[in-house]
Amino acid sequence: MRWSQTFIPTLREDPAGAVAASHRLLVRGGFIRRLMAGSYSLLPLGMRVAHKISGIIRQEMDAIGGQEFLAPVVHPGEIWKRTGRWDDVEGIMVKFEDRKGADLVLALTHEEVFAHLAAEMSSYKELPQLWYHLQTKFRDEARPRSGLLRVREFTMKDSYSFDLDEEGLDRQFEAHRGAYHRIFTRLGLDTIQVEASSGNMGGSDSVEFVVRSPTGEDRVAVCGECGYAANLERAVGLVDQVADEPRPGPPEPFPTPGVRTIAALAELGGFAAPIRQIKTLVCMVGEQLTLVVLRGDHDLEEQKLADAAGEAVRPADEGEIVEALGAHPGSLGAVGVEDLPVIADPALRGRSNMVTGANQDDVHLRGVDVERDIPVDRWLDMRTVADGEVCGRCRRGALAVSTVIEVGHIFKLGRKYSEALGAAVLDESGRPAPLVMGSYGIGVGRAMAAVVEVCHDDRGIVWPIAAAPFAVVITALRPDRAEVLEACEALYGGLLAAGVEVLLDDRPERPGVKFTDAELVGIPYRLTVGPRGLESGEAELRSRGGSVNERVALDLAVHRVKELIG
RNA sequence: CGGGCUGUGGCGCAGCUUGGCAGCGCGCCUGCUUUGGGAGCAGGAGGUCGUCGGUUCGAAUCCGACCAGCCCGACCA
């Protein structure tokens, strides 16, 4: 393509409010434009990158036996009601009605539709199946942010596997693990595979593919010894043991005027160090107001609690707390509370001589023996692991916590959707068997943004060749001179004939403008053709990453470029 | 949903405190000069100052409501 005739609106300045590098650079480079919060148009350059990424995804999905479909974006509410998600995912699901008043929803994912399609199968002989599509999803996120990293409308490659049994599912799951690894590697992304919570997707196991980046929204823990890696929503570490000095007698109230936080209480002395406090939180677990207690220096990981309890969890509001306990947050405790269930973190097991709130404002209790004084109903691991903690699996290595971008997620779903939607086949013995499903997703735009987060410098994007909108840009200096234009056209024609994706910068701009634009846009190779080099029949060939910087004879340039891009 | 902030030509911003001609930089158009790292000169186009209402002789500016967006948090199939 010719730059002069292509819509590439580059900007000299960062867009207002853009913080993430991928956000700034994709907008400045003319790849994307925002329509509303969390909705972006792909411009020609962005579309080319999206095509590259989709192409790689298709190749790898096809290689593991995937068949490409295209399912609709607007679904009948009916199928979502059948799986129960009509109510479960309230909030981010956009619901509306057609002219007849029938319920419709915008696709947030496609388990229901594909399970519905799978209901047409009738024999185990048709299995296994692996179906996928690249299709728009819409999720009315509470807070879209960071350009393409978290949006409301996006294209996702989602695939769905159907098997007769768990062994089949395991094979498809492992095939996806391999395919995803290859996809991200080809895109230049160094991914970590981490155990993750399945959230309200349901199902047994899930693995996220994540890329280390400070811009990410997720945090994961990775063991340096055994390779254990898990999202903090699930990660398990070993808690350090604390030796308590026993203190005889019942808990003793003491006045703590104005003390509302763990830190403020700790200032009263060593006896109230955070590690010697009991943190009492009040949560709505399902429909039940529940006391949640942890060690003072530990944080609650809500998802771990939700998964362990098998219920949705939300923090109680202040009104609910005061009504139930008669005190405000800051003076709460679980000692002697009989009318509410108490869930405790195992780090509190066996602890004694601790400090906690007395359920009376400005009063705390000391000398609390956890198992003696608190009526614990359930012990559930629900604390957030901390950086440096000992690995919960190998019990030797240290867990390193890092911030990551989630670029892919694979789920073992089991039979939830197939049972709800009647997707079953007859097995060898002639009995109906609900299909065992898996689902697997990659966000195309997020992958694009992740590549930019990882591959950029202070001048702009540095695309890996596999994702680049063009492999080469020919920068024509003084295109108003016939000899320059002729040489560029010859090169351009030669590269096109050789099947190289080439952009000819034929704009009547000054050299500096062209160089900076080429670097901002991030095209991997640049051939510079100007009067100076033409005197010796040469062009200058540079790689955006800096590893190549050489002069090539014009008649060898096509060959040399082919050699470099492979 | 809570907290903080912002809305002024295509982009980035000033002006608002103390009401009185709507400005600057970049970009854009025309001409001339220039051309190996964001050119110079001259001329020019382009704005319901987010929306609605109020105060006032007069509102970008003051007041109210609403809308939109950004950042932090909550939330996140």
Side-chain angles (χ1 to χ4, degrees), chain A residues 7 9-20 23-24 27-28 30 33-39 75 80 83-94 105-113 137-147 149-152 154 156 158 196-203 206 217-218 231 233 283 300 302-303 306 312-318 406 409 411 413 416-417 439-441 443 459-460 475-481 484 505 507-520 526 528-535 538-540 542 551:
Chain A
F7 186 61
T10 57
L11 301 173
R12 289 201 177 197
E13 293 173 273
D14 284 337
V19 176
H23 185 191
R24 289 189 290 110
V27 172
R28 278 189 58 199
R33 284 295 184 266
R34 194 188 69 219
L35 180 62
M36 58 178 177
S39 275
H75 302 176
W80 287 80
T83 59
R85 293 163 106 192
W86 174 264
D87 300 310
D88 291 353
V89 295
E90 190 71 39
I92 66 168
M93 182 157 64
V94 174
V105 311
L106 286 183
L108 12 137
T109 171
H110 282 80
E111 277 78 15
E112 278 78 0
V113 175
K137 308 288 183 271
F138 193 94
R139 300 173 185 181
D140 192 10
E141 298 280 358
R143 193 181 155 205
R145 73 192 95 173
S146 303
L149 279 173
R150 184 163 203 81
V151 291
R152 297 196 294 174
F154 59 101
M156 173 183 264
D158 40 325
S197 164
S198 300
N200 41 0
M201 284 289 283
S206 86
E217 301 185 89
D218 284 331
N231 192 301
E233 290 178 351
C283 291
L300 172 66
E302 259 180 59
Q303 191 67 50
V313 171
R314 69 162 174 87
D317 63 46
E318 191 154 324
E406 176 192 345
H409 201 160
F411 296 88
L413 295 177
K416 170 178 173 177
Y417 298 92
S439 87
Y440 317 85
R459 296 176 171 216
T475 300
L477 305 180
R478 300 300 310 271
D480 54 316
R481 294 203 188 174
V484 171
D505 188 355
R507 297 174 298 168
E509 293 288 348
R510 294 169 61 84
V513 172
K514 296 187 166 203
F515 291 144
T516 46
D517 270 351
E519 281 156 357
L520 174 62
R526 188 179 84 206
T528 307
V529 178
R532 189 183 295 173
L534 281 185
E535 286 172 17
E538 288 176 326
E540 180 185 300
R542 268 179 189 257
R551 294 175 151 272

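By convention in this document, chain letters (A, B, ...) are assigned in the order of the sequence lines, proteins followed by strands, and residues within each chain are numbered from 1. Basis for what follows: all heavy atoms, side chains included, without hydrogens, waters or symmetry-related copies.
Nucleotides B:G4 and B:C21 are separated by 36 Å at their C1' atoms, to the nearest Å. Remark: the separation of the C1' atoms in B:C26 and B:G9 is 13 Å, to the nearest Å. The same atom, P, is picked in B:U48 and in B:G37; the two are 41 Å apart, to the nearest Å. Using atom P as the reference point in both B:G3 and B:U8, the two lie 24 Å apart (nearest Å). The P atoms of B:C28 and B:C70 are separated by 28 Å, rounded to the nearest whole Å. Comparing B:C72 with B:G64, their P atoms sit 28 Å apart, to the nearest whole Å. Only the P atoms considered, B:G36 is 23 Å distant from B:U30, to the nearest whole Å. Of the C1' atoms belonging to B:C75 and B:C29, the separation is 49 Å, rounded to the nearest Å.
Between A:L11 and A:R24 there is no side-chain heavy-atom pair separated by less than 4.5 Å.
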Where do A:R85 and A:E111 land on the side chain to side chain contact (heavy atoms under 4.5 Å, CB included) test, with the steps shown first? CA-CA 11 Å; A:R85 293 163 106 192; A:E111 277 78 15; 3.4 Å; yes

Would A:R33 and A:V27 count as a side chain to side chain contact (heavy atoms under 4.5 Å, CB included) if you check the C-alpha gap in whole Å, the side-chain angles of each, and the deciding distance to 0.1 Å? CA-CA 6 Å; A:R33 284 295 184 266; A:V27 172; 3.6 Å; yes

Under the side-chain hydrogen bond (donor to acceptor under 3.5 Å, both in side chains) rule, what do A:D505 and A:T475 come out as? Steps first, then yes or no, please. CA-CA 5 Å; A:D505 188 355; A:T475 300; 5.0 Å; no

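Among the atoms of the strands shown, base atoms are found under 4.0 Å from some heavy atom of A:G533. Residue A:R526 is classed as a base contact, given a heavy-atom separation below 4.0 Å to a base. As judged by a 4.0 angstrom heavy-atom cut-off over every strand, A:R28 is placed among the base-contacting residues. When heavy atoms are screened at a 4.0 angstrom cut-off, A:R459 is found touching base atoms of the nucleic acid.
Closest approach of A:W86 to A:M93, counting heavy atoms only: O-CE, 3.4 Å. In plain terms, the two heavy atoms of A:H23 and A:A18 that are nearest each other are ND1-CB, 3.5 Å. Taking all atoms of both residues into account, the shortest heavy-atom contact from A:C283 to A:L300 is SG-CD2, 4.1 Å. Closest approach of A:T528 and A:L477 over heavy atoms only: CG2-CD1, 3.6 Å.
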Dump the pairs, protein N or O against N or O of nucleotides 24-31 of chain B, anything under 3.5 Å, distances to one decimal.
unit_1 : atom_1 : unit_2 : atom_2 : d
B:G25  : N2     : A:E13  : OE1    : 3.1
B:G27  : OP1    : A:R12  : NH2    : 3.1

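Aromatic ring pairs are classed by plane angle as parallel below 30°, tilted from 30° to 60° and perpendicular above 60°; the pair A:H75 and A:H110 is perpendicular.
Taking atom CD of A:E318 as the reference point, atom P of B:G2 lies 15 Å away to the nearest angstrom. Per the geometry, CG belonging to A:L534 stands 14 Å off P belonging to B:G36, to the nearest Å. One can place CZ of A:R532 at 5 Å from C1' of B:G36, the figure rounded to the nearest angstrom. In this entry the distance linking NZ of A:K514 with P of B:G36 reads 12 Å, nearest Å. If you take CZ of A:F515 and C1' of B:A39, they are 15 Å apart, rounded to a whole angstrom. Look at CG on A:D480: it is 12 Å from P on B:U33, rounded to the nearest Å. The CZ-C1' distance, from A:R478 to B:G36, rounds to 11 Å in whole Å.
You'll find that the side chain of A:P531 is closest to B:G36, out of B:U34, B:G36, B:G37.
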For nucleotides 65-75 of chain B, just jot down a letter per nucleotide in 5' to 3' order: B, S or -, based on protein non-hydrogen atoms under 4.0 Å. ----SSSBBBB

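In this structure, B:G2 and B:C72 make a Watson-Crick or G-U wobble pair, each of the two defining distances being under 3.5 angstrom. Summarising the base pairing, B:C49 is matched to no nucleotide, lacking a Watson-Crick or G-U wobble pair whose two defining distances lie under 3.5 Å. The nucleotide B:G27 finds no pairing partner, because no Watson-Crick or G-U wobble arrangement with both distances shorter than 3.5 Å includes it.
Place A:R542 and A:P15 on RNA chain B by their nearest nucleotides, and A:P15 ends up nearer the 5' end.
Panel note: side chain A:S206, backbone A:A196; a donor-acceptor pair is recorded below 3.5 Å.
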